[in-house]
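This report refers to the structure that appears directly beneath it.
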Number of protein chains: 2
Amino acid sequence: MQQTFSTEQGLAVPVHDLPLLDRVRALILGGDFPPGAPVSEVFLSQEFDVSRTPIREALKQLQHEGLVEIRPKVGTFVREPTRREIVELFQLKESFEGLAAGLLARRGPVREIAVLERNLEESDEAAAAGDAERYAALVHEFHQTIILGADNNKLAEHYGRLMNQLAYHRLVLRTAGHPGRIIASTSEHRTVLEMIKDKDHFGAEAAMRNHVYASSREVLTDSRTRND
Amino acid sequence: MQQTFSTEQGLAVPVHDLPLLDRVRALILGGDFPPGAPVSEVFLSQEFDVSRTPIREALKQLQHEGLVEIRPKVGTFVREPTRREIVELFQLKESFEGLAAGLLARRGPVREIAVLERNLEESDEAAAAGDAERYAALVHEFHQTIILGADNNKLAEHYGRLMNQLAYHRLVLRTAGHPGRIIASTSEHRTVLEMIKDKDHFGAEAAMRNHVYASSREVLTDSRTRND
DNA sequence: AGAGATTATGTTGCATGCATCAGCTCGTCA
DNA sequence: TGACGAGCTGATGCATGCAACATAATCTCT
């Protein structure tokens, strides 16, 4: 198998061009480039002290990820998902995570169950301590554990791409640890875990889909989300 | 069957390099390159009378699609999915198409229903006439109509990538119009359509998933499918 | 003869230069 | 004044050259 490296979103990409790709991504997501802003190859090549060739390759990847739009013979521009795209992506996320939860439940895993149980304990602690950041990290870990535990590399791959696209929406990140969602979220996680422990793959899938749908509603009904 | 649907949709793949990308893909899939065979940039550049630069870009795309494997500083090699990957891809296919059928049922569309009804009529005709090729094309169209009718571009995008990867498995193509599946397949299609007409998105999703699963079993139990 | 070191080779990775093209500026003319 | 068009500018798209590296082949020494 090709040597891959899992980014924080779990996307498997070739290891050899990760540094530059990540740096370009980070630069664009850093906030200095508002949506629609041009991202010229020469600027990036000067910024990172490389030639245009590797920059071009990185931009093509980012285009594939949906972060930028390359208009031939014109230039590359930062692209932010519209609200409609966010809705579409969440529908996919619901489907992906539901599938993963179902597959995991069918496997009847031991290791993952222990990990998830420990995760819920720590989530309760973080919630009690009001540590929103740690809580968000644990939520992320919970979902990630289930995705990887589904034992389906292609699923993890597509899911990684999906999350990359979603991550570009800054508002999604901002509401990730929304206080109002914490109690419900942990409760839903617990339900999902119970279903997995019971090897009820049908119930696990349904529970996970409900959970993801509820989370997405939280983001999409947020007044700060633009309406385009 | 070419990936024309994705080009018409103007998806992630930029239009301007589709010709070269398609030609390279077609060349590799043509059969002259057995799995594991090296695909050097210079060879392709001479073959298509372009420089290595656009070839490199095309190969990167194909790597992303899973057709080739690029080993840094070594070379590019044809890559055929393993049986395990086929299983994984079919699990995803099931999930994608189920989601699409559900979304379409929820929309309660008029146009798609008419198209699908006509498709089933023609499928019956093709089956009666023993025209396996036409039947396979109609099956493809049936699924495609549902995917596009789901009105979710991101879904169509991911589905397109998925089908690209599946298409690389020559055996999948070979069993596409398997005679033993025809009657059952049409019957399952009809069930899916009925659910959509009833706006039963839950039932439509379940029916479609059952159908895709049954189709995948047909391929995966095929003795010709390698067991690696 | 065999094992390790060494050269040879073929490939990629990247830098650079030039042609091409989209979009804009500005001048011209009705 | 306003519209039209030729050039201008900046960017991409691609060709080419060179260096670096992985791998294979060869050589050397024991």
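Just so it is clear, the model here is predicted, and its values are computed rather than measured. Order of the sequence lines fixes the chain letters, A, B, ..., with proteins taken first and strands second; residue numbering starts at 1 for each chain.
At a non-hydrogen distance threshold of 4.0 Å, B:V50, B:S51, B:R52, B:T53 from residues 46-53 of chain B come into contact with DNA chain D.
Look at A:R56 and you won't find any side-chain N or O under 4.0 angstrom from OP1 or OP2 of D:dT12.
When distances are taken from the side chain of A:E57 to each of D:dG13, C:dT12, C:dC14, the shortest belongs to C:dC14. For A:P54, counting side-chain heavy atoms from C-beta on, the closest listed nucleotide (C:dA15, D:dC14, D:dT12) is C:dA15.
With salt bridges taken as basic N to acidic carboxylate O contacts below 4.0 Å, none links B:R106 and B:D151. A salt bridge between A:E122 and A:R134 is present, with a side-chain N of the basic residue lying under 4.0 Å from a carboxylate O of the acidic one.
The separation between A:E41 atom CD and D:dC14 atom P is 11 Å, rounded to whole Å. Nucleotide D:dA22 holds its P atom 17 Å from the CD1 atom of B:I70, rounded to whole Å. As rounded to whole Å, 15 Å separates atom C1' of D:dT12 from atom CD of A:E69. Whole-Å rounding puts the A:I55 CD1 to D:dA11 P distance at 14 Å. One atom, CD of B:Q63, and another, C1' of C:dT12, lie 13 Å apart when rounded to the nearest Å. Going from atom NZ of A:K73 over to atom P of D:dC14 covers 8 Å, rounded to whole Å. Note: CZ (B:F43) to C1' (C:dT12) measures 17 Å, nearest angstrom.
Remark: the B:S95 side chain and the A:S95 side chain contain an N/O donor-acceptor pair separated by less than 3.5 Å.
The two atoms that bring A:L21 and A:A58 nearest to each other are CD1-O, 3.6 Å, heavy atoms only.
A 6.0 Å sphere centred on OH of A:Y213 holds no more than 12 heavy atoms belonging to other residues, nucleotides or ligands.
A residue-by-residue look at B:V74 and A:R71 shows that A:R71 has its nearest nucleotide of DNA chain D further toward the 5' end.
Each of A:E88, A:R161, A:Q165 was evaluated against B:E157; a single residue qualifies, A:Q165, per the side chain to side chain contact (heavy atoms under 4.5 Å, CB included) test.
Contact check for A:S185 versus A:Y135: side-chain heavy atoms found under the 4.5 Å cut-off.
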